[in-house]
Each structure stands twice: as C-alpha cells, then as structure tokens.
Amino acid sequence: MNTEKSVRSLEKIVALCKRRGFVYPSAEIYGGLNGVYDFGHLGSIIKSNLRQAWIESLQNSFGPIVMFEGALLGPEAVWKASGHVDHFSDPMVDCLNCKRRFRADDPDVAKGCPACGKKDSWTPVRQFNMMFKTEVGAAADGSSIAYLRPETAQAIFINFKNVLSTTRVKIPFGIAQIGKAFRNEITPKQFLFRMREFEQMEMEWFCHADGAQKYFEFWCAHRLNFYRMIGIDMNNIRQRPHEKDELAHYSTCCTDVEYNFPFGWKEMEGIAHRGTFDLTQHSKFSGKDLSVFDEETKTSFVPTVVECSVGTDRAFLMLLFDAYAEDVVEGETRIVLRLAPRMAPVKAAILPLTKKQTEPATKLYEDLKKLGHQIEFDESGSIGKRYRRQDEIGTPVCITYDFDSDNDQCVTVRDRDTTKQERIALDQVAAYIKKMLGK
Ligand code: ATP
C-alpha cells in the first residue's frame, strides 16, 4: 500500500467536505454568503469532538478552569473600552479598474490586482473596521449601537468579577469559553481558514503579575498537548514567538501555534501575555473596580491575563488536511481520512454482506449504539463501495456480518488504515471499539 500525503490540496478538501456532507456554503440556494458556512451531520460531530478534546486538554492541566458562555451581542461601550471600535481594522485598497476590494497587506496585492491583473492601480490605503455593527431595540440613537463580538474574550473580562464571586475560585484560575465570533474580513479565503462567522475556543488565565511569565511559558508548552490529543502529526506543528514589532502595545510576549498547510505555515492559535490591559480598560470605562484583594499581602491588584485562543473551524480544516491521504488498494486509488479514532465522526460501520444478514447485523448495530457513539449501518451497494465511503469519512473500522457469522458467531473487522481484516467474536465487538477509543 502506498500512502501519499503530498496529494492534499484545498480543492480536494473542499470537494470532500461537500460530497460527504461535512460542510456546505451557507445559503447556497440563494447564491451563498461569502465567508460563511454551514456544517452538516458529520461536520458537526467532528466540531463537537474538537470542543470536547479542547475542554479535556484544559482539564488535564493545573489549577481550576471554569466554563463560561457569553452573549454574542455587546453594547458599544464594551468595544470602545477594549479598543476594538478604534483599532480593530485592517488596511484596505480598491482596484481602480475592476473596483474589487483587498487587504492592502495581502502579498498577492503587491503583484497586481488578484481579480483583473491590473498593476499599480489602487486607491490610497484606508482602514476598514472589521466589526459587524447593529442597533438594538426600537429607538435608533447612540445608546442602541451594538456589535457582534469579533472575539469571545471580552465577555469573559467583563464578567470576571461575577465569576470570581460565584464560583469559589481564587487567583490563579482560568475562564474558558467556546463560541461564535464575527469579523467582516475584507477577503475571506482558503475555505474555513478565514471566515466572517467562525468559532473560537478561548481560555483566559488570571494570575498575579509576578508569576505571569512562568504561566505564559507553561501554557505555550501545555497547549501542544491539544494537537497531540487530536492526532495531528507533530512535524506539521510549530510555535512562532512574535517579533517585538508584531506585539500589541500592552503585550510583553505572544506565541502562535502554526500548522503546515499546503499554502504555508499558518496561525492556528495565539498564546498571549496580555498584562493587565483588559481589566484595567474595563475598569476605567465602566467605573467598576475589577481588582482583587490579596489576603496575604493585604493589597489590591489587577490580575494579569495569559490568553490561549484557537479557532474551531481552523482546527477542523487542519484536522482534515492532516488526515487526508490517497493510496492504492487492490489496484484502485482510494481517498482515506486517517483521523484519530476519537476525532472520527463515525466510530464503526456495520455492513451486512447481503440482505440475508440484515436482521442479525441490525441487532449488532443496536447493541453497539448503546455505547453512545455514532455507529452507521449500511447495506446498500457493493461492499467495496461501502468501504470507500467509510474510508472517506474516516471511520476507523468496518464490521462485516457475512455468510459464516451465523455459524461461528464471529464478524470480520476491517481496519481503515491497513485494510487488514480480522475475525472476532460477536460478543467482543463492543470491547474492541472501547479499546480502540481508549475507554
Ligand atoms: P489572523 O492573523 O489569521 O487574522 P488573528 O491573529 O487575527 O488571526 P486572533 O484574533 O488571535 O486571530 O484569533 C484567535 C484565533 O481565532 C486564530 O488563531 C484563529 O484560529 C481564529 N480566527 C481568527 N480569525 C479567524 C477567521 N476569520 N476565520 C476563522 N478563524 C479565525
């Protein structure tokens, strides 16, 4: 068998996602909405596996980390304090020839207009604020302006005192949140890589300034566990500390976790030492005290924050790229997603060889479903075709109930990656799947 990973390309991943119902362009029957996607059955299961793994990777660290779910809409005051109203913008230029709009810092723009090819025909660079602005309520005045959040973190900062006083946590501790964020990206591209509506998994770690650098280094090291847990080839992961001129003025250090996509090493996650900036700003703008009293030193201090922020959809894209392979089985090229079993949307498929085995195979299917995992039952089409479908969606094992199964009470289990088959007793199948999932 010949496994070839260099065959992966964005076009192939997009086609696979559509063909197998992982991801659809949003509002497709109306022509779609650029940078916005819907997730189908298998796609939403993979996303929920990612969320679960992320939560587990945090629980497996140290110190208390509590969960949080903030609102998507926030009043203008929040975004003024956070600096987003004034500074959350990208430089933009328009092509004077075809009128298309691009990010001025896009390396392709330096070569000429990516749409019409015209060279040196640009408007002056303007700043474009990426937040989605709206009005809340019937009265359209200044006080009703609200924004869809461009990151999930601010909801955590403004609730910091609520969480502290209601969850019996003490500094240092973390608040973790998974939720949608919205950015009116000038040029959404590379499928799920740069979207206008996307999901973030963010954890804000609140600590004393004295220990913050140590925690920053700890989180940089610890976050790699998440990528190991979800089965990413660690040769495709690297960390890139930011240069001084890339840092926000309040941040002393920041490291990106990057993945080696076919279109280059790209940011998956940002780990940032944010100092006391966020709580200080919200304290100043809201007039509320967000400092903490230290019993030991009998002094108040504003906690320092270390942030770990990863995009769920970007992680989804990474997962598919990393798992995608093509090889030759019995003279035919097949596409296979070599997903770690815990990330696979379907854990096993029950395939009766002919309709004659439907009944006992259905019983096995019903029994296995009780494990609480997604199990599929498929009796239509040739067995080869059914295997191919399961390979493409990353199902780790296919279980065939065949002509001998009634007599020997055994089934054939086929491994997705090696295509090797072994015969195991019917009453051992559940244990086999549990072992495969490390349970
Ligand atoms: P980029 O430089 O790629 O625009 P960023 O540095 O602005 O990203 P952050 O604000 O640090 O991103 O957001 C944290 C994480 O959220 C990113 O590492 C990424 O995984 C995800 N993310 C950010 N913007 C998008 C987007 N437009 N589409 C999908 N995921 C995104």
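The structure presented is a predicted model; accordingly, all values stated were derived computationally and were not measured. Order of appearance sets the numbers: ligands from 1, and atoms from 1 within every ligand. Numbering starts at 1 and runs along the sequence shown. Basis for what follows: all heavy atoms, side chains included, without hydrogens, waters or symmetry-related copies.
Less than 4.0 angstrom separates some heavy atom of Q200 from each of these atoms of ligand 1: 13 (O), 14 (C), 15 (C), 16 (O).
Heavy-atom neighbours of F293 CZ from other residues, nucleotides or ligands within 6.0 Å: above the threshold of 12.
Salt-bridge annotation for D90 and R183: absent, with no side-chain N of the basic residue lying under 4.0 Å from a carboxylate O of the acidic one. With respect to the salt-bridge test (charged N to carboxylate O, under 4.0 angstrom), the residues E376 and R386 do not qualify.
Of the protein's non-hydrogen atoms, the one nearest atom 6 (O) of ligand 1 is E267 OE1, 3.2 Å. Looking from atom 23 (C) of ligand 1 to the surrounding protein, the closest heavy atom is R183 NH1, 3.5 Å. Nearest protein neighbour of atom 14 (C) of ligand 1, counting heavy atoms only, is S309 OG, 3.1 Å. For atom 29 (C) of ligand 1, the closest non-hydrogen atom on the protein side is F193 O, 3.2 Å. Summary of contacts: the protein heavy atom closest to atom 20 (O) of ligand 1 is M268 O, 2.8 Å. Nearest non-hydrogen protein atom to atom 4 (O) of ligand 1 is R194 NH1, 2.8 Å.
If you look at E185 next to ligand 1, the close heavy atoms, those under 4.0 Å, all belong to the side chain.
Between F377 and Y365, the ring planes are tilted. Angles from 30° to 60° get that label. Taking the six-membered ring for Trp and thresholds of 30 and 60 degrees, H222 and W219 have ring planes more than 60 degrees apart, a perpendicular arrangement. Note: F261 and Y259 have perpendicular aromatic rings, judged against thresholds of 30 and 60 degrees for the angle between ring planes.
A heavy-atom separation below 4.0 Å is not found between E151 and ligand 1.
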Go through the steps for T304 and F206 under the test side chain to side chain contact (heavy atoms under 4.5 Å, CB included), then give the verdict.
-> CA-CA 6 Å; T304 293; F206 297 90; over 6 Å; no

